[in-house]
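What's counted below: heavy atoms across the whole structure, side chains too, no hydrogens, waters or symmetry copies. Numbers restart at 1 for each chain; the letters A, B, ... are given by sequence-line order, proteins then strands.
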Amino acid sequence: MITVVRAGPLTTIQDQGRPGYAHLGVPRSGALDQRALRRANALVGNPAAAAALETTLLGCALRFEQPARIAVTGAAADIKVDNLVTAGVLEVGAGSVLDVGRATRGVRSYVAVAGGIDVEPVLGSRSTDTLSGLGPPKLANGMTLPIGTAQGDLTAQPDGGIADQIDLGVWLGPRDDWFSGRELFESDYQVSPLSNRVGCRLTGTPLTRATKGELPSEGVVLGAIQVPADGQPLIFLADHPTTGGYPVLGVVDDVTPLAQARPGSTVRFRELR
Amino acid sequence: MRVRRAGASALLIECRDGEQVEAWRVALGRRREAGELRVVDIVPGARTLLLDGVEPGAEELLASWPQPDTAVARDQGPLVEIPTVFDGEDLAGVAELWDLTVPAAVELLATTAFTVAFCGFAPGFAYMRGLGEKFGVPRLDSPRPRVPAGSVGLAGDYCGIYPTASPGGWRLVGRTAETLFDVRNEPPARLGPGTRVRLVPA
């Protein structure tokens, strides 16, 4: 069992999410940085589907009430066990406190524990969905979390690395004909502090609409670049709604870099064909 | 019908109307069950069907299949009766927009054969068509900060029931005590796409 000592501003349990229910209005959810989650799980010998913790900017502190094997991936942050700075795969004894510090690069750290965070799954996933409220609540001080049974062998994993500049590949469509210009590819955009698990909001040159009016609601995918009336793009992340009424100019091929994009970061787009 | 790409692994089928969306949804659902189509999510919208999580070649596969007959899918979904108390805050206003008396507006709602066109906004929130354009109503100018679970509302030519309490801009005409979304059930939503719905006066 784990006791939450310092929950941080938004620390949630996340796994690969709950795809397959979008037709019922259920968001996919899941870890924003799926690659960092996969690495953390592999490092402690967990299957890829195991649940871990996702922190936001300021980390968290956890007391392990039983011996555990832990790995922290994702954002660069100071990792301490009982106040001693450490790194790599950690073996901690009962009563040890793990402190994941403020992210110095990136935004979200992933804390995997051998055996996984073993809360009750909801619709096949242990992920907290911040949009719909499905899944376990976000971490709060004093909360306890069950740990599953450890299995499997440790796998060495290359470090992910966090890029300073975010360069995103975009497939145009499905509604690129609603727009007249190519501003998206011709100028830089900045990550807005209003970004969250639902979407990464950008500010920059407004995108020019060729077609006025409203789009009847239609299904949207992860990475969709939705453009509301003000022309500032919003890129859908894991907790995105399943349908939307704003036109989608294009779809970002890989949203993982946005999981680690700090407010103010510069984003550039290039067209994929 | 036109197929648009939505990224590397999704296709968006544009349809003439909600009936054609439903026909495609049923046809492709069958093909998925038969192992002819691999897709993670089949998500209907107002006039589109999104196939999310398809493999390369899906577009060619789609083009090789005949357009489904809308008559085959019509009225094939399960029928759910929702006991409804017609006492919504906006009922009188809606009746006025329709140029009907309140009892006549209730009669219209209680005799309409609704079909779930698609879900969205919240888990289990069903957009039900059936009223037709003639009885379309605009959303409220400013949404209510909190609409109780079970509220029956209208927006555009759709009728919807809030499965959970949330902010909302639909015009409220009634309420039900039915549970519409429960994660312990499979499927978790009572009113999935294609479900036929009757609002039965309670």
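Side-chain contact of Asp129(A) with Ser132(A): a donor-acceptor pair under 3.5 Å is present, judged by distance alone. A donor-acceptor contact under 3.5 angstrom links the side chains of Gln14(A) and Thr12(A), judged on distance only. Side chains of Asp33(A) and Thr256(A): a donor-acceptor N/O pair is absent below 3.5 angstrom, by distance only. Judged purely by distance below 3.5 Å, without hydrogens or angles, the side chains of Thr266(A) and Gln190(A) pair a donor atom with an acceptor atom.
For chain A, the nearby part of Phe121(B) is the backbone; its heavy atoms alone come within less than 4.5 Å. The contact between Leu134(A) and chain B is made entirely by side chain atoms (from C-beta outward), counting heavy-atom distances below 4.5 Å. Interface remark: Pro19(A) contributes backbone and side-chain atoms alike to the contact with chain B (heavy atom separation under 4.5 Å). Contacts between Val170(A) and chain B at a heavy-atom distance below 4.5 Å are absent for every atom of the residue. With a 4.5 angstrom heavy-atom cutoff, Leu12(B) touches chain A only via side-chain atoms.
Heavy atoms from other residues, nucleotides or ligands lying under 6.0 Å from CZ of Arg31(B) number more than 12. Counting heavy-atom neighbours within 6.0 Å of Arg47(B) CZ, excluding the residue itself, gives a total of 12 or less.
Using a cut-off of 4.0 Å between Lys/Arg side-chain N and Asp/Glu carboxylate O, Arg270(A) and Asp167(A) are scored as salt-bridged.
Highest contact tally toward chain A, considering only Ala117(B), Ser166(B), Cys119(B), Ala46(B), is held by Cys119(B) [criterion: heavy-atom pairs under 4.5 Å]. If you tally non-hydrogen atom pairs under 4.5 Å between each of Gly120(B), Gly45(B), Gly7(B), Ala189(B) and chain A, the highest count goes to Gly7(B). When each of Gly124(B), Pro123(B), Gly192(B) is checked for heavy-atom pairs under 4.5 Å with chain A, Pro123(B) comes out on top. Ranked by non-hydrogen atom pairs under 4.5 Å with chain A, the options Pro188(B), Ala122(B), Pro187(B), Pro163(B) are led by Pro188(B).
Trp178(A) and Tyr246(A) have their aromatic ring centers separated by at least 6.0 angstrom.
Taking the six-membered ring where the residue is Trp, His23(A) and Tyr21(A) present parallel rings, their angle staying beneath 30° rather than reaching 60°. Using cut-offs of 30° and 60° for the angle between ring planes, the Tyr127(B) and Phe118(B) rings count as parallel.
Residues of residues 118-128 of chain A lying under 4.5 angstrom from chain B, judged on non-hydrogen atoms, are Val122(A), Leu123(A) in numerical order.
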